[in-house]
2 protein chains.
Amino acid sequence: MSSLLRHSVEQQLQEAGGLSYVQFQLLATLGDSPGGSARMTDLADGVVYSRSGLTYQAQLLEKRGLATRAPSVEDERGTTVTITAEGRSVLDDVFPGHVAVLGDLLFTPLDGSDVAQLADVLGRVRDHMRSVPPRSAAPRRRSRATAPPRDA
Amino acid sequence: MSSLLRHSVEQQLQEAGGLSYVQFQLLATLGDSPGGSARMTDLADGVVYSRSGLTYQAQLLEKRGLATRAPSVEDERGTTVTITAEGRSVLDDVFPGHVAVLGDLLFTPLDGSDVAQLADVLGRVRDHMRSVPPRSAAPRRRSRATAPPRDA
DNA sequence: TCCCAATGCTTCGAATCCGAAGCACCAATG
DNA sequence: CATTGGTGCTTCGGATTCGAAGCATTGGGA
């Protein structure tokens with residue numbers, strides 16, 4: 001289900017503003033941040049994404065003039081990303097269609113009680129996943145004797 | 001939430017059997033198919049994935065000896081993919097850990113009623129999305145540097 | 001003051017992904 | 001039987017992805 005929805009959302013973002021899903025998330029996060037700025041690490045915390053991928057997408061945003069990047073004032077190691085006026089403009093262009101897609105595909109078949117239940121249940125799952133320590137090792141159960149030798 | 005879960009699932013599949021998420025879905029689909037075979041198109045219907053990506057992953061499975069590919073008997077255009085004994089073995093190796101991840105991350109904070117609600121609500125959403133015609137067009141674009149649409 | 005592990009981010013290489021174009025085959029038409 | 005349009009899959013080129021390695025800065029002692 002989430003794959004289907006994700007796919008439709010990405011299509012709309014691409015058509016309406018040439019944005020990838022991650023780029024949209026980054027712009028939206030920046031738009032909500034005080035001053036329209038955030039460090040790379042803070043962005044990464046809000047988006048399930050690799051650091052290197054974040055660097056790549058931030059470069060693309062900068063290249064398109066939707067955001068700027070500069071070394072952090074407080075910590076010379078850090079990079080501060082800031083949304084530009086043009087970035088906000090694109091975000092505003094794209095947002096109504098984004099909401100429309102969610103309305104059409106996700107919320108149409110649901111009533112208020114359904115939505116509340118979803119929010120409750122999925123919210124609990126999310127909190128649980130965030131609180132669980134990163135998997136150190138997968139459960140090592142075996143069920144077939146013919147497992148091929150494998151170098152992980 | 002789904003991104004977090006997806007990420008953990010992919011990690012387990014990779015560690016336990018060197019499988020990508022798609023490869024796992026393909027093997028699982030084949031394993032449930034009569035004769036362990038299916039046409040590419042039938043596989044694509046069950047997996048939200050591009051055709052070319054499906055070809056790529058099927059080639060990888062063939063290269064690892066987990067599946068075979070042969071032109072369809074009925075329709076020379078079609079390709080029939082079949083799971084091998086080794087493919088089933090890997091699937092059996094990976095499956096218990098897969099279920100364990102879902103149990104730990106997804107089902108732990110939920111009770112039976114939660115699960116039933118989720119299945120009902122998300123099932124309806126899925127059916128709705130599958131029944132909706134593919135988006136014909138996104139809401140009209142706006143050019144930059146103008147007032148954002150007040151429409152949502 | 002001078003180290004040194006830890007931190008924040010980027011670069012690098014290789015793998016994976018997608019859409020568009022291409023190839024081969026099927027089915028319907030005349 | 002030749003033609004035409006449609007279908008099924010692959011190939012191609014370019015974009016995106018990730019983890020590992022690299023670079024520079026920081027903070028906490030010795």
Side-chain angles (χ1 to χ4, degrees), chain A residues 3-4 6-15 18-26 30 37-64 67-82 134-136 151-152, chain B residues 3-4 6-15 18-26 30 37-64 67-82 134-135 138:
Chain A
S3 297
L4 287 171
R6 173 77 158 259
H7 195 261
S8 292
V9 165
E10 286 183 339
Q11 224 170 303
Q12 184 269 325
L13 292 174
Q14 192 63 50
E15 288 170 5
L19 296 178
S20 70
Y21 182 63
V22 194
Q23 288 172 344
F24 174 72
Q25 286 190 116
L26 293 182
L30 289 175
S37 298
R39 294 188 316 149
M40 294 290 280
T41 295
D42 296 332
L43 288 176
D45 286 345
V47 179
V48 181
Y49 212 65
S50 73
R51 293 304 171 83
S52 49
L54 204 59
T55 296
Y56 177 72
Q57 291 292 346
Q59 283 173 341
L60 292 187
L61 286 180
E62 188 176 33
K63 201 171 299 177
R64 278 186 55 186
T68 60
R69 301 193 306 149
S72 169
V73 186
E74 315 218 329
D75 185 338
E76 282 289 328
R77 292 169 300 181
T79 296
T80 299
V81 187
T82 307
R135 300 182 60 72
S136 55
D151 311 54
Chain B
S3 296
L4 287 172
R6 174 76 158 260
H7 195 261
S8 292
V9 164
E10 286 183 339
Q11 226 170 301
Q12 184 268 324
L13 292 175
Q14 191 63 50
E15 288 170 4
L19 296 178
S20 70
Y21 182 62
V22 195
Q23 288 172 345
F24 174 72
Q25 287 190 113
L26 293 183
L30 289 175
S37 299
R39 293 188 315 151
M40 295 290 282
T41 295
D42 296 332
L43 288 176
D45 287 344
V47 179
V48 181
Y49 212 65
S50 73
R51 293 306 171 82
S52 50
L54 204 60
T55 296
Y56 178 72
Q57 292 293 346
Q59 283 173 342
L60 292 187
L61 287 180
E62 187 176 33
K63 201 170 299 177
R64 279 187 55 188
T68 60
R69 301 193 306 149
S72 168
V73 185
E74 315 217 330
D75 186 339
E76 282 288 329
R77 291 168 301 181
T79 297
T80 300
V81 187
T82 306
R135 297 183 59 73

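Each chain gets a letter, A, B and so on, in the order the sequences are listed, and its residues count up from 1.
- Annotation: proximity of residues 42-54 of chain B to DNA chain C (heavy atom, distance under 4.0 Å) is found for Y49(B), S50(B), S52(B), G53(B), numbered in ascending order.
- Shown here are the side chain to side chain contact (heavy atoms under 4.5 Å, CB included) partners of S50(A), two or more places apart in sequence or in another chain: S52(A).
- Shown here are the side chain to side chain donor-acceptor pair (under 3.5 Å) partners of T82(B), two or more places apart in sequence or in another chain: S37(B).
- Ranked by how close their nearest DNA chain D nucleotide is to the 5' end, L60(A) and E74(A) are led by L60(A).
- In this structure, A58(B) and S20(A) both approach DNA chain D, and ranking their closest nucleotides by distance from the 5' end singles out A58(B).
- Partners of E10(A) by side chain to side chain donor-acceptor pair (under 3.5 Å), not counting sequence neighbours, listed by chain and number: R6(A).
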Note to self: Checking V81(A) against L26(A) for the side chain to side chain contact (heavy atoms under 4.5 Å, CB included) test, could you report, in this order, the C-alpha distance in whole Å, the side-chain angles of both residues, the deciding distance, and whether it holds?
What the structure shows: CA-CA 10 Å; V81(A) 187; L26(A) 293 182; over 6 Å; no

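- Shown here for Q25(B) and V47(B), the closest heavy-atom pair between the two residues is NE2-CG1, 3.4 Å.
- One can place CG of D75(A) at 17 Å from P of dA6(C), the figure rounded to the nearest angstrom.
- As a whole-Å value, the separation of Q57(A) CD from dT11(C) C1' is 16 Å.
- One atom, CD of E62(A), and another, P of dC9(C), lie 14 Å apart when rounded to the nearest Å.
- Among the protein residues, T55(A) comes within range of the nucleic acid bases, having at least one heavy atom under 4.0 Å from a base atom.
- One can place OH of Y56(B) at 13 Å from P of dA14(C), the figure rounded to the nearest angstrom.
- Counting only distance, with no hydrogens or angles, the side chain of Q23(B) and the backbone of S20(B) share a donor-acceptor pair below 3.5 Å.
- Among residues two or more places apart in sequence or in another chain, the salt bridge (charged side-chain N to carboxylate O under 4.0 Å, His left out) test is passed with E76(B) by none.
- In this structure, the side chain of R64(A) engages the main chain of G18(A) through a donor-acceptor pair within 3.5 Å.
- No side-chain heavy atom of H7(B) sits less than 4.5 Å from a side-chain heavy atom of L4(B).
- Ranking dA6(C), dC25(C), dC9(C) by closeness to the R77(A) side chain, first place goes to dA6(C).
- Contacts between chain B and DNA chain D, taken as any atom within less than 4.0 angstrom of a protein heavy atom, begin and end at dG6(D) to dT11(D).
- Note on Q14(A): every side-chain N or O is 4.0 Å or more away from OP1 and OP2 of dC18(C).
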